[in-house]
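Contents: one structure, followed by commentary.
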Amino acid sequence: MDTTAQRRFLLINPNTNALTTQRLQEVLKPLVPLNVELRVQTARFGAPYIACEASHAVAAHACLDVWTTERGSPQQPLNGVLIGCFGDPGLFALREVSACPVTGLAEASFIQAAAHGPFAIVTGGERWKPMLQRLANGLGYGALLRHIETVAPTGAALQADPEMALQCLGQACQNAAQTGVSSIILGGAGLAGYARLLQEHCKLPLIDSAQAGWEVLLQQQVIAAPTAQDGFYAPWVGLPEAFSQVPPKGHG
C-alpha cells in the first residue's frame with residue numbers, strides 16, 4: 001500500500017484501563033477509512049476509570065505524556081489527536097502545544113448535538129455532572145446543554161456489566177428525553193457502542209461520544225490548530241525526557 005499520503009491520527013485513552021482502550025478500538029476500527037492510520041494509546045499512569053476531579057486532573061498530565069512520545073515527526077506528523085474520555089482532560093493544554101487539531105469525546109459530541117438544537121447528556125458517575133457543565137460552559141455550549149442525567153454506577157461498573165448497563169442507561173435516556181431536548185449524548189469511553197443498541201428504545205437521536213469524536217476529528221469539524229509546530233511554552237523539571245524533546249516556544 002502506498003502510504004505517502006496516509007493521514008495519521010492519535011487516540012489517547014486517559015484511563016489506564018486497557019479494556020476501555022479495547023472497546024474504543026472495537027467501535028472505531030470499522031469507521032477508519034483506507035489510507036488512514038488511527039494509533040491508539042493508553043495512559044501510563046492515573047486512574048483505571050476517570051470519575052472525579054482529581055483523576056481528571058491527573059489524566060490531563062497523562063494525555064500530555066502520551067502526546068510527547070507519539071506526536072510524530074516533521075516527516076510523519078499527526079493530522080489530529082482525539083482524547084478518549086468524555087470529559088476531555090488536557091484538551092486546552094494539548095490544543096495549545098499541538099500543531100494538529102485536537103478534540104475530545106465531549107467537545108465532539110457537543111458539536112454534533114448542537115446541530116439538532118438543545119441537548120442532554122446521559123453518563124455514569126454522579127461526580128461528572130458539575131464537571132461536564134463546567135466543560136460545556138467553557139466550550140460555549142452551556143446554553144444548549146439543558147440536562148445531565150447521571151446514573152449511580154460509574155462508567156467502569158457499566159462497562160463491566162453490559163446487561164445492567166442497557167437497563168440502567170435505557171431508563172436514563174427515557175428520563176432525559178422528557179426534558180425538552182432535541183438529542184441525547186451517551187457519554188463515556190466505556191459506553192462506546194451503546195447508543196446503537198439503545199436507539200430503538202428512544203424517540204430522540206442518541207449520539208455515541210466515541211463515534212462523534214472520531215467523526216468530528218476526521219471531518220475536520222474541530223477548530224484548527226493555533227500553532228504551526230509542536231512546542232511547549234514552559235520549561236520542565238523532573239518530567240520524562242520526551243517532554244524536553246518537544247521544541248520550546250519561549251518562556252514566560
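These figures come from a predicted structure and were not determined experimentally.
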Hey, quick one: are [X] and [Y] part of the same hydrophobic cluster, counting side-chain heavy atoms closer than 4.5 Å, chains of contacts allowed?
X: L144; Y: M131; answer: yes
X: W128; Y: I148; answer: yes
X: V151; Y: L132; answer: no
X: L135; Y: I50; answer: yes
X: V222; Y: F119; answer: yes

Is the closest side-chain heavy-atom distance between [X] and [Y] below 4.5 Å?
X: Q245; Y: T68; value: no
X: L186; Y: I207; value: no
X: H61; Y: L239; value: yes
X: V216; Y: S109; value: no
X: Q133; Y: L145; value: yes

Closest non-hydrogen atom pair, [X] against [Y]:
X: G80; Y: L217; result: C-CD2, 3.9 Å
X: L198; Y: C173; result: CD1-SG, 4.5 Å
X: V181; Y: L204; result: O-CD1, 3.5 Å
X: H116; Y: Q112; result: CD2-O, 3.5 Å
X: I184; Y: C202; result: CD1-SG, 3.9 Å
X: Q25; Y: P30; result: O-CD, 4.5 Å

Query raised in the report: Pick one: which of L82, I83, V81 meets side chain to side chain contact (heavy atoms under 4.5 Å, CB included) with I12?
Result: V81

Tell me yes or no: between the side chains of [X] and [Y], is some donor less than 3.5 Å from an acceptor?
X: Q178; Y: Q174; result: no
X: K249; Y: T227; result: yes
X: T42; Y: T21; result: yes
X: Q211; Y: E215; result: yes

Between the side chain of [X] and the main-chain N/O of [Y], is any donor-acceptor distance below 3.5 Å?
X: T150; Y: K129; answer: no
X: D208; Y: G193; answer: yes
X: Y194; Y: G187; answer: no
X: S209; Y: G188; answer: yes
X: R39; Y: R8; answer: no

Query raised in the report: Do the two ring centres, one from W214 and one from F9, sit under 6.0 Å apart?
Result: yes

Query raised in the report: Between Q167 and Q171, does a side chain to side chain donor-acceptor pair (under 3.5 Å) hold up when you go through it step by step?
Result: CA-CA 6 Å; Q167 273 193 323; Q171 182 59 57; over 6 Å; no

How many angstroms lie between [atom1] in [X] and [atom2] in [Y], if you round to the nearest 0.5 Å?
X: T16; Y: F45; atom1: OG1; atom2: CZ; result: 10.5 Å
X: N79; Y: Q220; atom1: CG; atom2: CD; result: 8.5 Å
X: L206; Y: K203; atom1: CG; atom2: NZ; result: 12.5 Å
X: L218; Y: L31; atom1: CG; atom2: CG; result: 9.0 Å

Query raised in the report: Would you call R7 and E37 a salt bridge, taking side-chain N to carboxylate O under 4.0 Å as the test?
Result: no

Requested in this report: List the steps, then state whether side chain to side chain contact (heavy atoms under 4.5 Å, CB included) holds for L197 with Q199.
Outcome: CA-CA 6 Å; L197 300 175; Q199 184 61 79; over 6 Å; no

Report task. Could you label the plane-to-plane angle of the F243 and F232 rings as parallel, tilted or perpendicular, counting under 30° as parallel and over 60° as perpendicular? Result -> parallel

Within a 6.0 Å radius of atom [atom1] on [X], are there more than 12 heavy atoms belonging to other residues, nucleotides or ligands?
X: E163; atom1: CD; result: no
X: E26; atom1: CD; result: yes
X: R127; atom1: CZ; result: no

Query raised in the report: For F110 and D88, what are the C-alpha separation, side-chain angles and deciding distance, and is it a side chain to side chain contact (heavy atoms under 4.5 Å, CB included)?
Result: CA-CA 12 Å; F110 297 163; D88 303 359; 5.9 Å; no

Report task. Name all residues meeting the salt bridge (Lys or Arg N to Asp or Glu O under 4.0 Å) criterion together with R44; count only those two or more places apart in sequence or in a different chain, and write none if there are none. Result -> D65

Query raised in the report: What's the verdict on side chain to side chain donor-acceptor pair (under 3.5 Å) for E149 and H147, showing C-alpha distance, side-chain angles and the deciding distance?
Result: CA-CA 6 Å; E149 183 86 9; H147 181 74; 2.6 Å; yes

Requested in this report: Begin from the C-alpha positions of N13 and N15 and carry the test side chain to side chain donor-acceptor pair (under 3.5 Å) through to its verdict.
Outcome: CA-CA 5 Å; N13 172 21; N15 308 278; 2.8 Å; yes

Requested in this report: Evaluate side chain to side chain contact (heavy atoms under 4.5 Å, CB included) for Q41 paired with W67, printing each intermediate quantity in order.
Outcome: CA-CA 9 Å; Q41 292 293 307; W67 176 80; over 6 Å; no

Show me the donor-acceptor pairs within less than 3.5 Å that the side chains of residues 90-103 make with the rest of the protein, sequence neighbours left out.
{"residue": "R95", "atom": "NE", "partner": "V102", "partner atom": "O", "Å": "3.3"}
{"residue": "R95", "atom": "NH1", "partner": "E107", "partner atom": "OE2", "Å": "3.2"}
{"residue": "R95", "atom": "NH2", "partner": "V102", "partner atom": "O", "Å": "2.5"}
{"residue": "R95", "atom": "NH2", "partner": "E107", "partner atom": "OE1", "Å": "2.7"}
{"residue": "R95", "atom": "NH2", "partner": "E107", "partner atom": "OE2", "Å": "3.3"}
{"residue": "S98", "atom": "OG", "partner": "C100", "partner atom": "N", "Å": "3.1"}
{"residue": "S98", "atom": "OG", "partner": "C100", "partner atom": "O", "Å": "3.2"}
{"residue": "T103", "atom": "OG1", "partner": "E107", "partner atom": "OE1", "Å": "2.6"}

Requested in this report: Show your reasoning for whether side chain to side chain contact (heavy atoms under 4.5 Å, CB included) applies to L191 and F86.
Outcome: CA-CA 10 Å; L191 304 186; F86 193 73; over 6 Å; no

